[in-house]
Amino acid sequence: MNVVTRFAPSPTGFLHIGGARTALFNWLFARHHGGQFLLRIEDTDRKRSTSEAMDAILAGLRWLELDWYGDEFYQSRGIERHKATAQELLRDGKAYLCYCTPEELTEMRETARKNGRSMRYDGRWRDRDPADAPKGVDPVVRLKTPLDGVTIVDDQVQGPVCVENTQLDDMILLRSDGTPTYMHSVVVDDHDMGVTHIIRGDDHLTNAARQTQLFSAFGWEVPTFAHIPLIHGPDGKKLSKRHGALGVEAYRDMGYLPDALRNYLLRLGWSHDDEELISTEQAVSWFDLDAVGQSPSRMDFAKLESVNSHYIQQEDSAKLVELTIRRIVESQAAPVTLEAQGRILSGLVGLRQRAKTINELAEAAMIYVNRPVFPLDNAKAARLLENDGGTLVLDSAKLLITIDDWSEETIEAAVRKLAESKSLGFGKVAQPLRAALTGSNASPSIFEVMKALGKNETIARLNAVP
RNA sequence: GACCCCAUCGUCUAGUGGUUUAGGACACCGCCCUUUCAAGGCGGCAACACGGGUUCAAAUCCCGUUGGGGUCGCCA
């Protein structure tokens, strides 16, 4: 089966989470079937389209590693073609000129609503003699849609959806200024681009019926539709900014990995038995429309974090260090020395195990960037150095300075021996050391920290305790 | 309001008429491990919206109710 999918965002805002999932599903579906995934920017609304939004969408897609086939299409470049096809329909008597004023339309809408009908435009110019055309009024071009019968959208996710044709009015193809509408442009473009599968949000389901009518008017084959349920906020209501209706770059800034976000989004509304952590390769081989759920799902940051932490465990060390350092530099607006970078890499095992996001990782890694400042801000840590805590730290320093083989094992053996010699529980020694070394009462293993810090820095930090 | 879609633990979901005391994951709770915090291991809590049918048998099929969502622009 030849498969061509497309993602068609309008550049009026960033690439939000729902759009990202739509793009992912299209990408996956095309990959799975060995087809092509195309990108089309729907920029026909010049007033609302911005180049910033366009850049944000492209950057978001690239960050998510959802690459599209060939160059992206710009809908605005097809305007002449869209106009021409509408004229064809007009010539063939499948469309007509309508001279209704906006006021008339508003009135019609109100009447329709009052009478409990969904049909808005009453088709008053459908069969009217063009000679009746009022002077000085620019007409719109409307499609002559079927007056009776039903239009069936055989949706791959929702199943067959039947809409009575009496519910659908004659849609506008060309505005009175001659420019094509979205409904018209989409159909022409999808046909011209050879799109075989239209996978998009559920909010377009009712559009599918209208677009089907247009495809039929042209005598074109209707693509297969698949409307995926929308993502809602944690409360089941429409996704708001507070709930995560953010651009994907915001997710990057919150410290999520693209692989993790993709995995999370994939599982939101799609499943493969009990699989939770799914690699891209597996996703490509498993993904199909029949496993897409029919009900809307809710955004769950806790689950996203959990998935993200798994990907942080799996991420390549060098890459992880790079991301961590970049984040530190961004937030501290200060460089990280090569020495500190080496320490972070050395202590990465313990750091990554405790981090759910890159941001948490960057924060935890600060113990390798800055020395603790006394008196410590952390009250619990400060308390660990009170009484004989400070003495234990200095005793440890004296002992550790004699160690030549600076390995975790040797360091641990030495510290354990010290605790034993003083008849102290191991924790009694370890906690003050932790406070002296990291300025905190919680950190990775102190032996790992000492190893990563190196002997000189370790001794220096221990001796710095007042 | 009209039309369309949806309905299994708090959340994401498995389940396609009997294999189900409804499974997994996240979250939550407890225990273990333990130098702290995590991670990990073990265990626990927790759902078929409701009402009618169909059938020997229904979470699974049908109808209705309720609830949620979407659409109703010369926006996309």
Side-chain angles (χ1 to χ4, degrees), chain A residues 8-12 42-45 47-49 75 98 100 102 105-106 109 112-120 138-142 153 155 157-159 161-164 166-169 171-177 179 181-183 185-186 201-209 227 229-230 232 234 236-238 264 267-277 293-307 309 313 350 352-356 360 364 380-381 384 412 415-416 419 425-435 438 440-447:
Chain A
S10 58
T12 53
E42 315 238 297
D43 58 346
T44 47
D45 185 350
K47 283 191 281 295
R48 294 199 304 149
S49 300
Q75 192 157 60
C98 167
C100 276
L105 256 15
T106 308
R109 258 194 293 279
R113 193 172 185 122
K114 212 175 341 166
N115 299 342
R117 290 182 294 111
S118 68
M119 180 91 144
R120 286 119 324 185
D138 292 325
V140 297
V141 175
R142 285 185 187 268
V153 177
D155 195 274
V157 171
Q158 306 294 351
V161 177
C162 303
V163 181
E164 296 280 341
T166 50
Q167 297 295 331
L168 273 12
D169 61 8
M171 64 176 143
I172 294 176
L173 268 20
L174 254 35
R175 303 185 185 100
S176 53
D177 65 0
T179 58
T181 59
Y182 157 83
M183 279 292 185
S185 305
V186 166
D202 221 356
D203 50 342
H204 284 286
L205 186 54
T206 43
N207 285 341
H227 289 89
L230 269 15
H232 289 159
K237 302 288 185 200
K238 199 174 147 103
Y264 173 73
R267 281 288 292 103
L268 209 55
W270 177 87
S271 61
H272 185 79
D273 296 326
D274 286 339
E275 301 290 343
E276 294 288 344
L277 297 168
Q294 293 157 284
S295 48
S297 39
R298 305 179 186 202
M299 182 70 200
D300 181 0
F301 276 95
K303 182 116 180 186
L304 206 208
E305 280 209 344
S306 168
V307 173
S309 71
Q313 304 323 311
R352 74 180 347 157
Q353 207 167 65
R354 290 162 175 75
K356 286 192 184 326
E360 286 181 12
K380 283 179 181 167
L384 289 168
E412 175 165 0
V415 176
R416 283 194 186 277
F426 185 53
K428 289 286 182 203
V429 181
Q431 281 300 80
L433 284 174
R434 186 185 316 281
T438 69
S440 163
N441 62 318
S443 81
S445 154
I446 54 166
F447 308 119

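Below, chains carry the letters A, B, ... as their sequence lines are ordered, and counting in each starts from 1.
- Atom CD in A:E360 sits about 13 Å away from atom C1' in B:rA39, given to the nearest Å.
- Below the 3.5 angstrom threshold, one finds no donor paired with an acceptor across the side chain of A:T181 and the base of B:rC74.
- Side-chain to base pairing of A:Q353 with B:rG40: no donor and acceptor N or O lie closer than 3.5 Å to each other.
- Applying the 4.0 Å criterion to OP1 and OP2 of B:rU35, one finds that A:R416 has a side-chain N or O inside that range.
- Side-chain contact of A:S443 with A:R434: a donor-acceptor pair under 3.5 Å is present, judged by distance alone.
- Within the 4.5 Å cutoff, the side chain of A:M299 has heavy atoms near those of the A:L304 side chain.
- Base contact: A:R48 has a heavy atom under 4.0 Å from a base atom.
- The shortest side-chain heavy-atom distance between A:L268 and A:K303 does not fall under the 4.5 Å cut-off.
- Here B:rC37 presents its C1' atom at 16 Å from CG of A:L433, a figure rounded to the nearest Å.
- Counting to the nearest Å, the C1' atom of B:rC75 and the CD atom of A:E42 are 12 Å from each other.
- A:K303 contributes no side-chain N or O that forms a donor-acceptor pair with the base of B:rA27 under 3.5 Å.
- Using a 4.5 Å heavy-atom threshold, the side chains of A:E42 and A:S49 count as separate.
- Among the atoms of the strands shown, base atoms are found under 4.0 Å from some heavy atom of A:F447.
- Partner assigned to B:rG1 is B:rC72, using Watson-Crick or G-U wobble distances below 3.5 angstrom.
- For the pair A:E276 CD and B:rA14 C1', the computed distance is 10 Å after rounding to whole Å.
- Checking B:rC37, B:rC6, B:rC74 against the side-chain heavy atoms of A:V140 singles out B:rC74 as nearest.
- Remark: B:rG18 base-pairs with B:rC56; criterion is Watson-Crick or G-U wobble with both hydrogen-bond distances under 3.5 Å.
- Looking at heavy-atom distances under 4.0 Å, A:H227 makes no contact with the nucleic acid at all.
- Checking B:rU36, B:rC5, B:rA27 against every side-chain atom of A:A442, the shortest atom distance belongs to B:rU36.
- Residue order along RNA chain B, read from the 5' end via each residue's closest nucleotide, puts A:R298 first among A:R298 and A:F426.
- Using a 4.0 Å heavy-atom cutoff across all strands shown, A:D177 reaches no nucleic acid atom at all.
- At a threshold of 4.0 angstrom between heavy atoms, the contacts of A:G269 are confined to the sugar-phosphate backbone, with no base atom among them.
- The residue A:C162 sits close only to the backbone: its heavy atoms come under 4.0 Å of sugar-phosphate atoms, none of a base.
- One atom, CZ of A:R354, and another, P of B:rC37, lie 10 Å apart when rounded to the nearest Å.
- Residue-level contact check: A:D203 touches the backbone only, with heavy atoms under 4.0 Å from sugar-phosphate atoms and none from bases.
- Taking 3.5 Å as the limit, the base of B:rG23 and the side chain of A:D274 contain a donor-acceptor pair of atoms between them.
- Considering only side-chain atoms of A:A430, the nucleotide from B:rA76, B:rU35, B:rC26 that sits closest is B:rU35.
- Candidate nucleotides B:rG24, B:rC74, B:rC3 were compared by shortest atom distance to the side chain of A:R267, and B:rG24 ranks first.
- One can place CE of A:M299 at 19 Å from P of B:rG69, the figure rounded to the nearest angstrom.
- Of the possible polar contacts, one joining the A:Y264 side chain to the A:D300 backbone as a donor-acceptor pair under 3.5 Å is found.
- The listed nucleotides are B:rA27, B:rC37, B:rU35; the one nearest the side chain of A:I446 is B:rU35.
- Among B:rC6, B:rA76, B:rA2, the nucleotide with an atom closest to any side-chain atom of A:Q294 is B:rC6.
- Atom CD in A:Q313 sits about 10 Å away from atom P in B:rA39, given to the nearest Å.
- For B:rU13, one of the phosphate oxygens OP1 or OP2 lies less than 4.0 angstrom from a side-chain nitrogen or oxygen of A:S297.
- A salt bridge is defined here as a Lys NZ or Arg NE, NH1 or NH2 lying under 4.0 Å from an Asp or Glu carboxylate O, and A:E360 with A:R354 fails to meet this definition.
- Taking 4.0 angstrom as the limit, A:S271 places a side-chain polar atom (N or O) nearer than this to OP1 or OP2 of B:rA14.
- A close approach under 4.0 Å does not occur between any side-chain nitrogen or oxygen of A:Q158 and OP1 or OP2 of B:rC5.
- Within the 4.0 Å cut-off from OP1 or OP2 of B:rC4, not a single side-chain nitrogen or oxygen of A:T206 is found.
- Between A:R175 and A:V161, the residue whose closest nucleotide on RNA chain B is further toward the 5' end is A:V161.
- Side chain of A:L268, nearest nucleotide from B:rC37, B:rA27, B:rC12: B:rC12.
- The listed nucleotides are B:rA76, B:rU35, B:rC4; the one nearest the side chain of A:S445 is B:rU35.
- Across all strands, A:P444 comes closer than 4.0 Å to base atoms (heavy-atom distances).
- Look at CG on A:D300: it is 13 Å from P on B:rG10, rounded to the nearest Å.
- Nearest nucleotide to the side chain of A:D202, out of B:rC26, B:rC5, B:rC6: B:rC5.
- Proximity of a side-chain donor or acceptor of A:Q313 to a complementary backbone N or O of A:R352 within less than 3.5 Å is detected.
- Side-chain contact check for A:T179 and A:R175: at least one donor-acceptor pair (N or O, by modelled atom type) lies under 3.5 Å.
- No N or O donor and acceptor, one from the side chain of A:S443 and one from the base of B:rU36, sit under 3.5 Å apart.
- A:L384 comes within contact range of no nucleotide atom at all, as no heavy-atom separation falls under 4.0 Å.
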